[in-house]
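Everything below concerns the one structure shown next.
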Amino acid sequence: MSLPSKLRLRAGILLLSACPVPLAAAPTEESVTLSELSVVGERDGPAAAVPFGVAAPQGSAPSVIEHPVGQVVTEIGRRDTIENRPATSIGAVLANSPGVTVRQGNGGRDVIISIRGNNARSTGVIKNTVVLEDGFVLTQPDGASRFDIADPRAYSRIDVFRGPQSALFGNYATGGAIAFRTRTGREIDGYEVGTDAGSFGYLSNYFTVGGASGPFEISLFASDVRANGYQDHASYDTQTIDLLASYTPTPDNRFTLKVINNDLQADLAARSSLNDFRTNPYQRGCAAAATAAAGCTLTNLMVNGAFGRTVGVTADEAGFGRKDRRTIVAARYEHDIDAQTTWRTQLGFDERNFNQPFYATSSRGSYPSWNFLTDATRRYDLFGLPAVGYVALAYNTIDNHISTYNRAPYGGPRLGALIGEQEAVQSNLGGRARTEVALSDRWTGVVGISAEGTAITGRNLAYAYTATGATTTIADVNRTFLNVAPELALVYRPGTEWAFRGRVATGYTTPAASNLFVTAAGLPGNNTGLQTQENLGFDLGAEWTPTENLRLSVTGFYEFFRNELVSQSPGAGLQSYTFNAPASEHRGIEVGIDWAFAPGWRGVAAYTFDDQIYTRYVEQLSAGALTRRLDRAGNRIPGVPANQLLARIGYDVPAGPLAGLGAFVETVFQDDFYLDNANQLKAPGYAVVNANVHYATELVGGYAKRLTVYAEVRNVFDTVYAASAQNLANSISATTGVQNGAAALAAVTGSIYAGAPRNVVAGMKLAF
């Protein structure tokens, strides 16, 4: 990240002086790490104030990353998000954090999460956000994450880091980071079995087992989830295994093992145009094109799978779907060098294997990757002031192998001609350092920095076919990037009720190899000129906790982006491509409230205002022999709703014979947002209401220890809404050169998935 040289020099001098030795250890009474307000979620059990800051998972050594001073972090617990409701996807849980936008992904429980609008334009994988689980990185070295593997039942807590985080997490953290914490063996202390069932054939069976004995601790979660889907051709089934195990032979040495495996098989409905969405939002009656109902979305596939004449087919006729597997195996060793210093080293293997015959092309490939991290934390004195320091060295690499085929119509997911072969290796190597200094009993200062080099080498072969033969286009890439991300923060706590925070931080996201080989025409080819996305962000926030029953957080942010990576669709059935917008600004306000305002009553709200505009971007559009350059400066960046809100009010009987009985009602609201750079067409906004009733009781005298039952009506008023909308590319007339209007965009397919209509899900869980 480019900053004035004086700022970089001063930050480097302070950082070097602050980190004279390897650096974090277990907390001691003289800890200077000042904590920060968490505004959403509570731990299981009796009501208690949510702790400030982000706590380390039980059984692992604390570090600066788990106790970040000056960061904007929301902690989401299990209550009203996982424990007493049917949490069908991680999106419903993460919506409890200010700054988070949720979109429906491609099939099953796949959701697209963005923080402060970063990645809100994607409908494929998670970008611009680093994802971790129990301290292990789940973001692959090309910056991609998917939430297919995330079954909410497995987690005890989720921490959402908002704003640029590259100083702490390195590449791809321009939007922030999400840290999942699975339930430990001590938390579970036995085993649990549960079943949820509901509308549209939804059925989830899961179990959790965990415990601790001597130096060993283990927790294992497994689930089988399937549904018919609320759209035609949208059934899915997915199986997940999530293991966390630890061995502590001595108080100073700890070993941790992490294993995740997820298999997914899903049918996919076609993404609609806005016109088709208005006519037939759930794509009903779309089994065959010849008898299709009004508003059925058809995708044009080449009859011979290679060139020439096309025929429009439905999702059923084309057999759109996904068959993916994700496997992660990772291990960590932690050693307390002394009472003030802890060293950790971890290594993980992560493979994403996919077979995705949907829309006009089919992708098949394997993305094996390795992730290595070694770090140290230390408590020490800096010029007589108590300090905590952290240094880390990180290396990761991914080997991409992907083949892309045309689709052929009819007969299920039939492949046509091979149109692309891609092989690429991407590696990231970098170092990070951070120091937190107690300047006084009320003031804490933070300085951090990361520097990271990225190398991408690879080749893409693109094949095109005509009646006279085939042609091959070769695109080679050999790119290197060097990025630096400093961070400064200052926290002031005049007393126990108030905390004030100021922060300036930077982030960077390098293009992935897959971004470099899809052209603006949506076809395999050369797009190798992409640059690193960089952002400089300013946060100013305050947290107020006058009592343990009220927690309020307000944060204002202003972020300046350079070369923002923006993805959009060039049309129906084509691959989304990525381009750099030279300059843009993101600014907004985030508010979180958690208020137990009367015995048994509790209200929670998470609100975000997010205003994003292009400040410098001239878009070039071509059609036929004509080319036009159109200035987008001042236009809103598509895909980002200006206002969004989650608000929930609930009551749990605090005592008496009905203790354990509770209910809540919540609304999820999102503004409409533009779908195109010219700001001609909007996806409609929505407000959805959900209602829940639940009951939990201890079981005495039997084998089972606890029974939990719940039922939930989602989308109570049966609102028709767009749960996902892919950005659309503007176009010009091939005869006049005039930009086509909103009516033309509204007819472009490949954009919208409808959200679920009114549905009911109920479940029960037994703990033994």
Side-chain angles (χ1 to χ4, degrees), residues 1-3 99 101 112-131 139-145 161-177 426 428 430 450-456 477 479-487 504-518 520 527-538 557-568 576-587 610 612-619 632-633 635-640 677 727:
M1 172 65 63
S2 299
L3 283 179
T101 302
I112 306 301
I113 302 298
S114 67
I115 302 176
R116 293 184 175 176
N118 281 274
N119 197 57
R121 295 161 289 278
S122 173
T123 56
V125 297
I126 311 300
K127 291 282 191 177
N128 301 327
T129 300
V130 172
V131 179
T139 295
Q140 289 201 297
D142 64 350
S145 306
F161 295 71
R162 311 196 302 273
Q165 298 288 345
S166 288
L168 199 55
F169 297 107
N171 201 359
Y172 302 113
T174 49
Q426 178 169 345
N428 305 292
S450 75
E452 188 167 5
T454 297
I456 304 175
V477 61
R479 296 287 306 277
T480 58
F481 306 88
L482 179 61
N483 297 289
V484 177
E487 174 187 5
V504 56
T506 52
Y508 51 86
T509 289
T510 60
S514 58
N515 302 141
L516 304 175
F517 294 126
V518 179
N527 192 29
T528 55
L530 289 177
Q531 302 297 315
T532 296
Q533 170 180 288
E534 302 173 323
N535 65 329
L536 168 65
F538 298 87
F557 64 89
Y558 208 124
E559 299 178 6
F560 298 88
F561 277 73
R562 190 176 72 175
N563 292 322
E564 184 169 5
L565 293 167
V566 180
S567 296
Q568 64 188 25
S576 297
Y577 69 94
T578 302
F579 63 92
N580 287 120
S584 53
E585 295 180 7
H586 303 185
R587 55 273 181 108
D610 195 353
Q612 300 191 6
I613 60 169
Y614 294 122
T615 55
R616 182 163 50 89
Y617 174 42
V618 177
E619 184 175 22
R632 306 302 192 196
N635 286 13
R636 295 187 181 278
I637 298 176
V640 182
N677 290 327
N727 291 356

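- A distance-only check finds no donor-acceptor pair linking the side chain of Thr129 to the backbone of Gly175 [under 3.5 Å].
- Ring geometry, Phe560 versus Tyr558: the interplanar angle falls under 30°, so the pair is classed parallel (tilted spans 30 to 60°).
- Without hydrogens or angle criteria, Asp142 side chain to Ala513 main chain gives no donor-acceptor distance under 3.5 Å.
- Arg116 and Gln612 make their closest contact through O-NE2, 2.8 Å (heavy atoms, listed as atom of the first residue, atom of the second, distance).
- For Arg587 against Ile613, the heavy-atom pair with the smallest separation is NH2-CD1, 3.5 Å.
- Side-chain atoms of Asn483 never come within 3.5 Å of backbone atoms of Thr509 as a donor-acceptor pair (strictly under, hydrogens ignored).
- Between Ile112 and Val125 the shortest heavy-atom distance is CD1-N, 4.1 Å.
- In this structure, the side chains of Leu530 and Asn580 come closer than 4.5 Å at one or more pairs of heavy atoms.
- Gln426 places none of its side-chain heavy atoms less than 4.5 Å from the side chain of Arg479.
- With hydrogens and angles disregarded, a donor-acceptor distance shorter than 3.5 Å links the side chain of Ser450 to the backbone of Ser166.
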Go through the steps for Phe517 and Val477 under the test side chain to side chain contact (heavy atoms under 4.5 Å, CB included), then give the verdict. CA-CA 9 Å; Phe517 294 126; Val477 61; 3.3 Å; yes

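- Of the inter-residue distances, the one linking Gln165 atom CD with Thr506 atom OG1 reads 10.0 Å to the nearest 0.5 angstrom.
- Two rings, from Tyr508 and Phe481, have their centers 6.0 Å or more apart.
- No donor-acceptor pair closer than 3.5 Å links the side chain of Glu559 to the backbone N or O of Gly163.
- Between the CD1 atom in Ile113 and the CG atom in Asn128 there is a gap of 13.5 Å [rounded to 0.5 Å].
- In summary, the side chains of Tyr172 and Asn428 do not present any donor paired with an acceptor at a separation below 3.5 Å, with no hydrogens or angles considered.
- Relative orientation of the His586 and Phe561 rings is parallel, given thresholds of 30° and 60° on the angle between their planes.
- Stacking of Arg162 on the aromatic ring of Phe557 is not recorded, the 6.0 Å distance cut-off and the 45° axial limit not both being met.
- At least one side-chain heavy atom of Asn677 sits under 4.5 Å from a side-chain heavy atom of Tyr614.
- When only modelled atom types and interatomic distance are considered, Thr510 and Asn171 share a side-chain donor-acceptor pair under 3.5 Å.
- Residues Glu534 and Asn563 form no side-chain contact, since every pair of their non-hydrogen atoms from C-beta on lies 4.5 Å or further apart.
- How far OG1 of Thr532 is from CG of Leu482: 9.5 Å, rounded to the nearest 0.5 Å.
- Of the inter-residue distances, the one linking Glu564 atom CD with Phe579 atom CZ reads 8.5 Å to the nearest 0.5 angstrom.
- Put simply, CZ on Phe169 and OG1 on Thr174 are 13.5 Å apart, with the number rounded to the nearest 0.5 Å.
- For Thr139 (side chain) and Val131 (main-chain N/O), a donor-acceptor pair under 3.5 Å exists by modelled atom type.
- Contact record, Lys127 with Gly143: CD-O, 3.6 Å, taken as the closest heavy-atom pair.
- Side-chain atoms of Pro511 and Thr578, non-hydrogen and from C-beta on, never get closer than 4.5 Å to each other.
- A pairwise comparison of heavy atoms in Ala167 and Ala485 identifies CB-O, 3.5 Å as the closest pair.
- Side-chain contact, Gln533 with Asn535: no donor N or O sits under 3.5 Å from an acceptor N or O.
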